[in-house]
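The next block holds one structure in the form of structure tokens; read it before the comments.
Atoms within a ligand are numbered from 1 in the order they appear, just like the ligands themselves. Note that the structure is predicted; figures quoted are calculated from it, not measured.
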Amino acid sequence: MGRDISRLHPRLQTAVSRLQDVCREENLPLGIGECFRSVAEQDELYAQGRTKPGAIVTNAPGSSYSSQHQWGIAFDFYKDVSGHAYDDDSFFARVGAFGKGLGLGWGGDWSSIEDRPHLYLPDWGSTPAKLKEQYGTFENFRRTWDDTGTAGSAGGTGSGNISASGSVIVRNGQIHANNFCGAGLAADGIRGSRTRKAGVMALQQAMNLDYRAGLAVDGIWGANSRRALGNHYVRKGEKQYLVTAAEILLMLKNYAVGGVESPGIFGSGLDQAVRLYQGEHGLKADGYAGPDTFLSLIG
Ligand SMILES: [Zn+2]
């Protein structure tokens, strides 16, 4: 079954790679196990202990879409030490805690069937019930992940690129916000209150990923968020998630940035956009995206 991380929700892919970084730093030998599971693969598992030998491992047949793995929002992990993949409780507790610090849900917290090797995007709760209700099939859900790939289109500034259905730049920013922080926006290219809130969520998400700030990614800018931002800044040449947030925030204000990456790479397109934005908003146009610029961008 699939250990292919690229079949996971884009935001979960980001979390996996951040978790791998954290575990490397902490000398935890993290192995990534199963990621996406097809209907047929889920049926195979369901057969185990029923029509096939072995112990029962799941109560969910494939057609029920009841496993988070079938929605691309979960992955399993193990201890990458031969012969000792599952016998170290503290390993699972520590990785589970790091996963939660990155905003994921952990199966070790489940009360019904505890599932310690399991981490997931908790946006839709601890079961796929909401996803089933909202999207019906995985294919419909998968469509909401799609990046149009046009975010990299250079040129255009705050005033340009307005189409009949809102701005193309804002629309792409909304899609990136959905992927990066689960903003759940309609990609309509119109900057309304939900889009504005999504910008705050992107910044909170970035601070959790970069600084392990442990903020609720709720789009509400309060004292904890302000404290986490501190005097942090990013500028040309840097690579971190705060750069991703700067890219998304600028796009949500209709500034083209020359692409969005996760973690973000502060290139010349973003440098130009930051300076332009600063100049047009009474800020010192120095290309440093720091607290003043971020506070302006979320406003
Ligand atoms: Zn699992």
Side-chain angles (χ1 to χ4, degrees), residues 1-23 28-135 137-139 141-142 144-145 179 182:
M1 297 194 206
R3 291 191 174 183
D4 183 356
I5 292 163
S6 71
R7 293 178 76 185
L8 295 174
H9 189 288
R11 192 151 40 83
L12 190 55
Q13 291 184 38
T14 300
V16 170
S17 105
R18 191 71 189 99
L19 185 67
Q20 287 171 322
D21 292 344
V22 172
C23 288
L28 291 167
L30 177 72
I32 300 299
E34 188 154 338
C35 295
F36 179 79
R37 197 184 291 153
S38 69
V39 171
E41 288 165 341
Q42 181 69 26
D43 278 334
E44 277 287 299
L45 270 193
Y46 184 72
Q48 191 179 317
R50 293 188 173 86
T51 56
K52 288 187 174 173
I56 286 183
V57 287
T58 178
N59 293 320
S63 56
S64 70
Y65 278 105
S66 295
S67 165
Q68 291 178 323
H69 290 279
Q70 295 183 270
W71 294 90
I73 61 160
F75 67 95
D76 297 332
F77 63 94
Y78 59 93
K79 188 175 178 182
D80 195 9
V81 173
S82 180
H84 297 278
Y86 296 103
D87 61 8
D88 178 353
D89 274 359
S90 73
F91 172 85
F92 287 92
R94 289 191 69 197
V95 176
F98 285 130
K100 282 157 62 174
L102 294 169
L104 300 177
W106 181 42
D109 290 332
W110 289 347
S111 50
S112 50
I113 304 180
E114 195 185 68
D115 189 0
R116 295 166 69 85
H118 181 96
L119 284 164
Y120 62 97
L121 288 178
D123 309 51
W124 304 274
S126 59
T127 76
K130 260 195 187 169
L131 286 168
K132 276 194 265 189
E133 201 178 289
Q134 208 171 332
Y135 299 102
T137 66
F138 169 70
E139 285 67 30
F141 177 54
R142 174 71 183 73
T144 68
W145 303 359
N179 288 338

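For Ser111, there are no side chain to side chain donor-acceptor pair (under 3.5 Å) partners, not counting sequence neighbours. Every salt bridge (charged side-chain N to carboxylate O under 4.0 Å, His left out) that Asp88 has, sequence neighbours left out, goes to Lys79. Take Phe98 and apply the side chain to side chain contact (heavy atoms under 4.5 Å, CB included) test, not counting sequence neighbours, and it matches Leu19, Val22, Glu26, Leu28, Arg94, Arg212.
Side chains of Phe75 and Ile5 form no contact here, defined as non-hydrogen atoms less than 4.5 Å apart.
Aromatic ring centres of Tyr135 and Tyr65: separated by at least 6.0 Å.
Here the side chain of Gln70 pairs a donor or acceptor atom with the backbone of Gly62 at under 3.5 angstrom.
Protein N/O/S atoms closer to the Zn ion (ligand 1) than 2.8 Å number 3 in this structure.
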